[in-house]
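Written below as structure tokens is the structure these notes are about.
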Amino acid sequence: MKRRLITVSLLSACALVLPASRATAQQSGTGRITGVITNVESNQPMQGVRVTLLGTQQTVTSNPLGHYTLTGIAAGQHRIRASAIGYTPVIIDSIPVREGQSVTADIAMRHQTVELEKIVVTGYGSLAKRDVTGAIGQVQADAIKQIPTTNAIEAIKGRVAGVDIVSSGNKPGDPVRVRVRGQRSLKASNDPLYVLDGIPMAGGIGDLNPGDIESIEVLKDASATAIYGSRGANGVVLVTSKRGQAGNTRTSYDTYVGAQDITRRVEVFGPQGYADYKREAYRTAGLYKCGTPAVVSQSVCPEGDAVTFYAEELAALKNSTFTDWQDLISRRGSQVSHQLAVTGGNERNQFAVSGNLLKQIGVALGQDYDRKQMRVNYEGQATSRFRVGGSALVVRSLQRLGRSDGLYGEALADTPLSVPYDSAGGIVFKPTPDAQRDNPLSDVNNWKNDSLRTRLFGTLFGQVNILPGLDYRVNFGPDITFSRNGVFVGAQTQSKQGAGTDENVRNRHTFDYTLDNLLTYKKQIGSAHKVDATLLYSIEKQTFEESFGASQNLPYESAQYYNLGAGAVVSGISSQIRQWALQSYMARLNYTLLDRYLLTLTSRIDGSSRLAEGNKYATFPSVALAYRVLDENANQKFGPLNNLKLRASYGTTGNTSVDPYQTQGSLTRTAYAFANVGAFGFQGGSLPNASLQWERTATWDGGADFGLLDGRLTGTVDYYRANTNDLLMDRQLPPSTGYSVITQNVGSTRNTGFEVALTAITLDGWHGVHWTNDFTFSHNKNEIVALNGGKVDDPGNLWFIGQPINNPNGGDNKVWYDYQFAGIWQTSEAAQAAQFGRKPGEIKIVDLNGDGKFSTADKKILGNTYPKWSGSFSSRVDYRGFDLSVQAITRRNFMIRNDNIRGATLAGRYNSPAENFWTPNNPSQTTPRPDKNTENPFFFESRGYEDGSFLRIRNITLGGQVPARYLSRVGAQSVRIYVTAQDPWLFTNASASVLDPESQTGQGIPAYRTFLVGGSFGF
Amino acid sequence: MTLPMTRRLLAPLAAALVLGGAAGCVDLKETPITGITAAYYNTPSGFDAAVNAAYTPLRSHWALERGATMTVFGTDEYQKGADGSYKFFNDYTSQLTGDVDFIRNTWTDFYLGINTANIVIDAAKTANVPDATKNLRVAEAKFLRALYFFTLVRTYGDIPLPLTPTAGVVTNTTREPVAKVYDAIIADLKAAEGVLPDKAAQYGRADKPAAQQLLGEVYLTRAGAAATSPDFALAAAELNAVATNPRFSLVPNYASLWTMGNEVNSEVIWAIQYTSDPLTNGGDNFGNKLHLYFGYPYDLEPGMLRDIANDRPFRRFRPTKWLLGLWDRTIDSRYEAMHKVVWISNNPNNIPKVGGVPKFAVGDTAVYFPGLPTIPAAMRAATRYKLYGEDEYQDAIFPVLNKYLDPTRTSTNQEPGQRDHPMMRLANTYLMLAEAYARDGRPDLALPWFNKVRERAAKPGQQAAMDVTVADLTMPAGLDFILDERARELTGETTRWFDLTRTGKLVDRVVKYNPGGAPNIKPFHVLRPIPNSEILLSTGGMKQNPGY
């Protein structure tokens, strides 16, 4: 409804302008061009396509049968251009027109992902993209559908400049981390706000089926996000779901099935390498002795081996029975999705229903993800002025992770000199007697970590047309999530080492609802002024409840986490409730003068329960201006430029970074006992601070949208600077006060960045070939400007002035502050090493302050995990119903910490990445000498820092439409079959022991690639 | 507009307005339900909760790696073992700085305890609690506050001395002179002594003997290494009151002190409390974890597997050669009583074989530390199990202090244990009392108390042989004799570093007996660095201790 309204007003605006400015260009003749316009995907005729005879101002619109006719054309070669919102414009060259004759030119239109004339959802409404004044990125269904992911937001990775999306892990169903134009907050969340069909989604959008999404818009600058006021500072992700269209009922079935395998594995010592490494560790400790009398020996002898190896290891060496534990716990994963959707309706009522089943079997044993989803969407015109609608989304998902990332860590640490199975084929729980290790296969069977989520997300709306142009709308949106996480750790696990069990259950219930009252007014005043105003009164309220119970030592393990009460010991019990409410008023005015000058003014007032009395309300204003220098629709040109819009905006937004009740201070529960009687208490937890406010971010943005060569090359550039002030920080107090922190509004951060997005229609129908290329480039510089002590570093929190943010929450980006690795002390440097209390074979670090000692004063900033720039490239070729697309993403110049290397204990106890370690005969400069008596090498902290730059081929898809003549037999209207390779290749400088440079420590479950085949069937 | 049309328009409009308006008002007032704020302290249960909370920091230190590292390492008793990240506490190298977490957290946790005690004392002015209860609880709070200040002042020297609860942003903290801190500690303990009952209603709470013992030790410590001081007599008076209190007596058998389940006995004056219930024991980060650190990795030996009974060996603290030679084992039972030297095979899978026949069976001895300087060849030839002579001891091979072993843990790798940690034990009272008398020039009064400790430790029939003479206790040489005895009796009981610093003997003895610390220790090491975070965050102009 809203879309149509805007379309209509847009068209009428054009109609007003065109005759006035172009009345002179009419030419005379008697030739005609006629044809039928069809949608290439559906083969359906298209109504409402504008066809322009280029070089003239003659424009016609196709009728319901897709027919169009241009008349009164002079003889000669002519060019026509067909355009429709959401479709790639088509230009047909060299149409030979003769006087008095009609020539046929049929046109096939195709949905277009990036195009200037499309509709953009802006929050509390939508606009034609050409009328947008802010920085908004958009991704549409086709691009989202192409990425076979369990998490919808991951599908837009690399699609929007300035939006950084990084996997938080590679386990099935793992969430992703999304940052819009960097991060601002030192302590609070830097996650954007997610809004589905106008309703904020309390639990993120991980539950959403990508196939149900019509488009995702990312609001980036303050003029766009200020309408979300206190929650807009981290960007806003608007998700629009698919809805029914008037017309024939359409049924579609989409499916794919794919196989997954590990992209990279860590090369740990093989059997012989491990044996040599362990011997060296014992030699260093003076334990590897040969001969009589026994002396420490560089050679290999049975006496030395007898001291060094477990009986199991000696047997393995003797019998050459080795185990590659990594292989053993890996498997070929799979991912399958089925989606059935029915959409349709008539002029009065439209509906869309869909169901989706998705199952992913992870590449590590025991890990999988299963999601079932249903969605219903209805909109109806109750009376001529009253429109109602609603939607319901029901999702149930089960994520099973077992021992999670630790499973892979176990496989990397276990000795290859051992066997996983006994002679009867049973799993050997302890392949060696080492008290910390076990057989990871036993963990797979006995370690459960299951997250079950049930979510109901609904929307209801009623809209009344009060007067022409004036509408009142009510939105109500409840979002209810139940989640249960059950953990069971059986006796036969690494954690329990054969004795006892641990089990716990955490239940969470979130109820969130939003109620919006919206008044919108659209009016064209004369030919010069266009007004689009929005008023909002909105409330949101959330109640969160959680309960947790844990017990130990079940009498029978089959109860897992389902019968905590059977455990011999209650080891934990807790519950909580948390509530907050938000009351908001928002006004927005879009004003267009002469269809050239655009102005957007917004202001939102938020009142929050989280802040103390007197500070509850805050105002977030913004202003944006745009100037349409060249207008494509008016066929204005300047050299090759045929479209240019300049934008500038300024505004302030906030961050919901105070936890409920935080301003009041709180007491912390303590435990003690007298004799064996519990004596629980409460100590001062956090100091109250009633003066807390929102963090505020003020953003300047300047940008341009442009088109060249008749829209063959279009793009957007933006430059921004965002200053965040009044940071909500835990101001650290001298610990002798008895408190570590008080939360205060102090300090500031800044993000400065530059974004480019380009779309090139490289070939547009050349011999039937359509080829489009998209590029994005983002550069963001994040820096801390001031902290609570002013411009003073805070090394304890890894906060340094002029350096990016290190947010301790949620494994976020990090600044690396550590010792600087300087190689290994060599034998010839023994005397020098001794001055530092070190020996040859140990790690040498840079004595930064030159005081002749190694101490914490020698730590320095080594780098950070923020890329200097990131970019993406995607390319799509269409030819006669076939399509081939490729997408690549890259992140450049950032430092990761390879914890597989850094954490290598080299004590001969656990297996380790296969490194060239130092020995008296091997002057390695990279890896210290193994030493059984050193649990961690001295200054091990200095190792493992390396460049993580990578280029990932994200997606390659080859698809083909089944020709129409075969379709009727199966009763289908359209069938597309495709094959996809997802993440097939990774190019990186990171060392071989980094599982995935996208994670910051290179550990966890390895990244995988997916090869799949899929089909889309339309009926 | 016709009437039906109007109705068609108005009805839904009205409905929408009602819907919009009904939920359109939202209350922004915030009422915590789960949490609780400081007003709670004024209620009877809240006041009690504050008192209980003041006890909790006791568990943050002594019976964890932190407290053990800061009192056991870098002394004459123990040197570094093979594992662990805190070897610089033993070696006194440049890594021991004000940035080390143990340095920082000791400060932070005890000041948290001090602030909680201050809250109790402050809340007593207004809390809705009977006066008798108030006075008692305030006395407990003062005892705890004194203990926390005492630990801090001994560790760091001059320290901030907050005596009221922190409110709002406080940053101008300053270091007060040691003498002023001691005045505050002594005032608190005297006040506590005057109010606390002879026996607390609940075991584990502070009572009068605990306050007296602590005050005695405070006086003894304040006197420092001085040859004469009025504090010696003051200390003797306090400690004598405890020593002669009929509630307490030495248990007859030294070894039984460390029997699991016998932590409550006639010799314990006051102990930090632990339980078998994870809820009241404080979770995974707390509990008594001392069982971890003195272990040797028996689980790497033939015929052995890690199990609960033999504990989880972290191989942190290796006894020094000097310590192992300290007991006259022919007459003194304590070396054997406090060390585990035999391991019984529990793993059939890795018992060594000779000619295909296992050398021993599960249930037989697998490893034995006979305590001999070297193992005679004949003995080795005659034994089927593994033997270690003292010449074979290494960073990961040594006899294990058994005082903290905890076989009641429910799984092999469980860290929290449930032994109470005896902070005050009568044998220590006797030894401190003897020291106070001896240093006050009254070794004759010291002698009986000293000999009581030694006689109890005697092997059967060797009581007389254990006795020492007045000459042994006469200053100045007597001080070393007393310190040696303290090492024999209180081995590993988290007091040693303080014993050596208060008597001015730390540097001397580390140089002599601790090979790791000997090359590096300097006189300034008798104080720890104060946390750099305090210096950085304070606007009161704090300075680091010299040397760091």
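Residue numbers start from 1 in every chain, and the chains themselves are labelled A, B, ... in the order their sequence lines are given, proteins ahead of strands.
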- Has the side chain of A:Thr663 got a donor or acceptor atom that lies under 3.5 Å from a matching backbone atom of A:Leu611? no
- B:Arg315 versus chain A, the contacting section by heavy-atom distance below 4.5 Å: side chain
- Task: For side chain to side chain donor-acceptor pair (under 3.5 Å), just list the numbers for B:Asn413 and A:Gln436, CA-CA rounded to whole Å, side-chain angles, deciding distance to a tenth of an Å, and then say yes or no.
- Result: CA-CA 8 Å; B:Asn413 284 350; A:Gln436 288 299 98; 2.9 Å; yes
- Measuring heavy-atom distances to chain A, does B:Arg409 have an atom under 4.5 Å in its side chain, in its backbone, in both, or in neither? neither
- Within 45° cone and under 6.0 Å: A:Arg838 NZ/CZ vs A:Phe854 ring: no
- Task: Might you point out which heavy atoms bring B:Tyr156 and B:Pro531 nearest each other, and give the distance in Å?
- Result: CE2-CD, 4.2 Å
- With only heavy atoms counted, which part of B:Ile351 is less than 4.5 Å from chain A, the side chain, the backbone, both or neither? neither
- In terms of heavy-atom pairs under 4.5 Å, which option from A:Ser736, A:Ala285, A:Gly498 contacts chain B the most? A:Ser736
- Task: Identify which part of A:Phe940 has an atom lying under 4.5 Å from any heavy atom of chain B, answering side chain, backbone, both or neither.
- Result: neither
- Query: Given that the side chain runs from C-beta out, which part of B:Leu279 has a heavy atom under 4.5 Å from chain A: side chain, backbone, both or neither?
  - Reply: both
- Task: Determine the option with the most heavy-atom pairs under 4.5 angstrom with chain A, choosing from B:Pro519, B:Ser94, B:Gly283, B:Ala50.
- Result: B:Ser94
- Donor-acceptor side-chain pairing of A:Gln662 and A:Thr743 below 3.5 angstrom: yes
- Ranked by heavy-atom pairs below 4.5 Å to chain A, first place among B:Pro352, B:Pro165, B:Ala53, B:Gly81 goes to B:Ala53
- Message: Could you check whether any side-chain heavy atom of B:Ile159 comes within less than 4.5 Å of a side-chain heavy atom of B:Tyr111, counting everything from C-beta outward?
- Response: yes
- Task: Report the option among A:Gly500, A:Ala679, A:Gly678 that has the most heavy-atom pairs separated by less than 4.5 Å from atoms of chain B.
- Result: A:Ala679
- Message: So A:Glu935 and A:Arg909, do their side chains get closer than 4.5 Å, heavy atoms only?
- Response: no
- Top residue by heavy-atom pair count (under 4.5 Å) with chain B, among A:Lys616, A:Gln497, A:Lys496, A:Gln664? A:Gln664
- Message: I need the residue from A:Ala568, A:Ser740, A:Ser686, A:Ser608 with the largest number of non-hydrogen atom pairs under 4.5 Å to chain B.
- Response: A:Ser608
- Most heavy-atom pairs under 4.5 Å with chain A, out of B:Asp277, B:Leu305, B:Thr171, B:Asp91, belong to B:Thr171
- Item | Distance-only side-chain donor-acceptor flag, B:Thr539 / B:Asn172, under 3.5 Å | no
- Note on the structure: Answer key: most heavy-atom pairs under 4.5 Å with chain A among B:Pro313, B:Ala396, B:Gly84 is B:Gly84
- Message: So which residue, A:Val792, A:Ile573, A:Leu733, A:Ile742, ends up with the most heavy-atom pairs under 4.5 Å with chain B?
- Response: A:Leu733
- Donor-acceptor contact present, side-chain B:Tyr298 to main-chain B:Asp311, <3.5 Å: yes
- Task: State, yes or no, whether a side-chain contact exists between B:Glu534 and B:Thr108 at a heavy-atom distance under 4.5 Å.
- Result: no
- Query: Which atoms of A:Phe836 come close to chain B, meaning under 4.5 Å heavy atom to heavy atom: side chain ones, backbone ones, both, or neither?
  - Reply: neither
- Note on the structure: Applying a strict 4.5 Å limit to non-hydrogen atoms, the region of B:Ile36 in contact with chain A is both
- Of the backbone (N, CA, C, O) and the side chain (C-beta and beyond), which part of A:Ala857 lies under 4.5 Å from a heavy atom of chain B, both, or neither? neither
- Task: Please flag which part of B:Pro32 lies under 4.5 Å from any non-hydrogen atom of chain A: side chain, backbone, both or neither.
- Result: both
- Using a cut-off of 6.0 Å, state whether more than 12 heavy atoms not belonging to A:Lys541 lie near its atom NZ. no
- Message: Report which part of B:Ile535 has an atom under 4.5 Å of a heavy atom belonging to chain A: side chain, backbone, both, or neither.
- Response: neither
- Message: Heavy-atom cut-off 4.5 Å, strictly under: side chain, backbone, both or neither for B:Thr93 against chain A?
- Response: neither
- Would you mind telling me which of A:Ala311, A:Gly738, A:Pro734 has the largest number of heavy-atom pairs within less than 4.5 Å of chain B? A:Pro734
- Message: Quick check on A:Asn676 against chain B: is it the side chain, the backbone, both or neither that has a heavy atom closer than 4.5 Å?
- Response: both
- Query: Looking at B:Gln418, B:Glu263, B:Gln394, B:Lys29, which one has more heavy-atom pairs under 4.5 Å with chain A than the rest?
  - Reply: B:Gln394
- Any side-chain heavy-atom pair from B:Thr97 and B:Phe88 closer than 4.5 angstrom? no
- Query: Regarding A:Gln732 and B:Ser533, is there a side-chain donor-to-acceptor distance under 3.5 Å anywhere?
  - Reply: no
- Item | Residue B:Asp83 versus chain A: region with a heavy atom under 4.5 Å | both
- Could you tell me which portion of B:Asn52 (side chain, backbone, both or neither) has an atom closer than 4.5 angstrom to a non-hydrogen atom of chain A? both
- Verify the neighbour count for atom CG of A:Asp851: are there more than 12 heavy atoms of other residues, nucleotides or ligands below 6.0 Å? yes
- Please flag which part of A:Ile577 lies under 4.5 Å from any non-hydrogen atom of chain B: side chain, backbone, both or neither. both
- Query: Does the gap between the ring centers of B:Tyr55 and A:Phe674 come in under 6.0 Å?
  - Reply: yes
- Item | Polar contact flag, side-chain donor to acceptor under 3.5 angstrom, A:Ser538-A:Ser584 | no
- Atom group of A:Pro660 that falls short of 4.5 Å from chain B, counting heavy atoms: both
- Check whether B:Asn520 gets within reach of chain A through its side chain, its backbone, both or neither, counting any heavy atom under 4.5 Å. neither
- What residue in B:Tyr274, B:Phe110, B:Trp107, B:Phe286 has the most heavy-atom pairs under 4.5 Å with chain A? B:Trp107
- Item | Worked check of side chain to side chain donor-acceptor pair (under 3.5 Å) between A:Arg578 and A:Gln542 | CA-CA 8 Å; A:Arg578 218 165 53 206; A:Gln542 186 182 98; 5.4 Å; no
- chain A contact via B:Leu58 - which portion, at a heavy-atom distance below 4.5 Å: side chain
- Note on the structure: Honestly, the part of A:Val570 sitting under 4.5 Å from a heavy atom of chain B is both
- Task: Indicate whether the side chain of A:Gln463 and that of A:Arg473 have a donor and an acceptor atom separated by less than 3.5 Å.
- Result: yes
